[in-house]
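See structure below.
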Amino acid sequence: MYSTTWCGYCRRLKTQLDSAGIGYEEINVEEVPGTAEYVEAVNGGNRVVPTLVFPDGSALTNPSLQDVKAQLASATQEDPTQ
């Protein structure tokens, strides 16, 4: 999850993911060089957080918990080893 410390949407999603037992790695775009540019590339030039990138390379911007669950379920169905 690409995020910032001041982003309320990021805090909300992290709380929801934690409550649902969904693990994630957090990357602060203000502290890690090059990550803000990556987020902009994924989001059509916009620096929007939270941006989640999944193991299959897909990304969601400011998703709901349901969106994250659906994406994870879809990825698991496509890869039976998961």
Side-chain angles (χ1 to χ4, degrees):
M1 173 191 303
Y2 292 90
S3 68
T4 64
T5 55
W6 51 264
C7 173
Y9 296 111
C10 298
R11 285 192 300 273
R12 181 192 70 206
L13 184 57
K14 288 187 288 187
T15 299
Q16 292 173 338
L17 293 172
D18 291 342
S19 293
I22 298 172
Y24 57 92
E25 177 184 354
E26 183 177 5
I27 301 166
N28 187 323
V29 300
E30 294 180 325
E31 296 175 355
V32 180
T35 56
E37 292 78 8
Y38 175 76
V39 167
E40 289 173 357
V42 170
N43 291 300
N46 297 308
R47 190 178 298 185
V48 182
V49 290
T51 295
L52 278 71
V53 179
F54 296 85
D56 67 357
S58 63
L60 293 175
T61 304
N62 195 16
S64 68
L65 178 60
Q66 296 301 345
D67 292 339
V68 173
K69 287 180 175 180
Q71 182 64 28
L72 291 170
S74 173
T76 302
Q77 289 174 358
E78 292 173 12
D79 183 357
T81 62
Q82 301 271 327

| Transitive ILVMFWY side-chain link Val48 to Leu52, under 4.5 Å | no
| query | Could you state the interatomic distance from CG (Asn28) to OH (Tyr2), rounded to the nearest 0.5 Å? | reply | 12.0 Å
| message | Please enumerate all residues that pass salt bridge (charged side-chain N to carboxylate O under 4.0 Å, His left out) together with Lys69, with sequence neighbours excluded. | response | none
| field | ring pair (Phe, Tyr, Trp, His ring centres under 6.0 Å) pairs, two or more places apart, involving residues 50-70 | value | none
| Mind checking whether Val53 and Val68 sit in one hydrophobic cluster, side chains of I, L, V, M, F, W, Y counted as touching below 4.5 Å? | no
Name every donor-acceptor pair, under 3.5 Å, that has one atom in a side chain of residues 15-23 and the other anywhere in the protein, sequence neighbours excluded.
unit_1: Thr15; atom_1: OG1; unit_2: Arg11; atom_2: O; d: 3.0
unit_1: Asp18; atom_1: OD1; unit_2: Tyr24; atom_2: OH; d: 3.1
unit_1: Ser19; atom_1: OG; unit_2: Thr15; atom_2: O; d: 3.1

| request: Output the rest of the hydrophobic cluster of Trp6: all Ile, Leu, Val, Met, Phe, Trp and Tyr residues reachable through side-chain heavy-atom contacts under 4.5 Å, sorted by chain and number. | output: none
| query | Taking side chain as C-beta onward, heavy atoms only, is Gln71 less than 4.5 Å from Pro63? | reply | no
| Asp67: partners by side chain to side chain donor-acceptor pair (under 3.5 Å), with sequence neighbours left out | Ser64
| said: I need the minimum non-hydrogen distance between Thr35 and Val29, along with the two atoms involved. | reply: OG1-CA, 3.2 Å
| field | Under the side-chain contact (heavy atoms from CB on, under 4.5 Å) test, residues paired with Glu25 that sit two or more places apart | value | Ile27
| For Glu37, what residues pass the salt bridge (charged side-chain N to carboxylate O under 4.0 Å, His left out) criterion, not counting sequence neighbours? | none
| remark: Those residues at least two apart in sequence (or on a different chain) that pass side chain to side chain donor-acceptor pair (under 3.5 Å) with Thr61 are Asn43
| task | Identify, with sequence neighbours excluded, every residue that meets side-chain contact (heavy atoms from CB on, under 4.5 Å) alongside Val42. | result | Tyr38, Thr51, Ala59
| request: Please report the shortest heavy-atom distance between Met1 and Cys10, naming the atom on each side. | output: SD-O, 4.4 Å
| task | Return yes if a side-chain donor-acceptor contact under 3.5 Å exists between Glu30 and Thr4, otherwise no. | result | no
| said: The criterion is salt bridge (charged side-chain N to carboxylate O under 4.0 Å, His left out); which residues satisfy it with Arg47, sequence neighbours excluded? | reply: Glu40
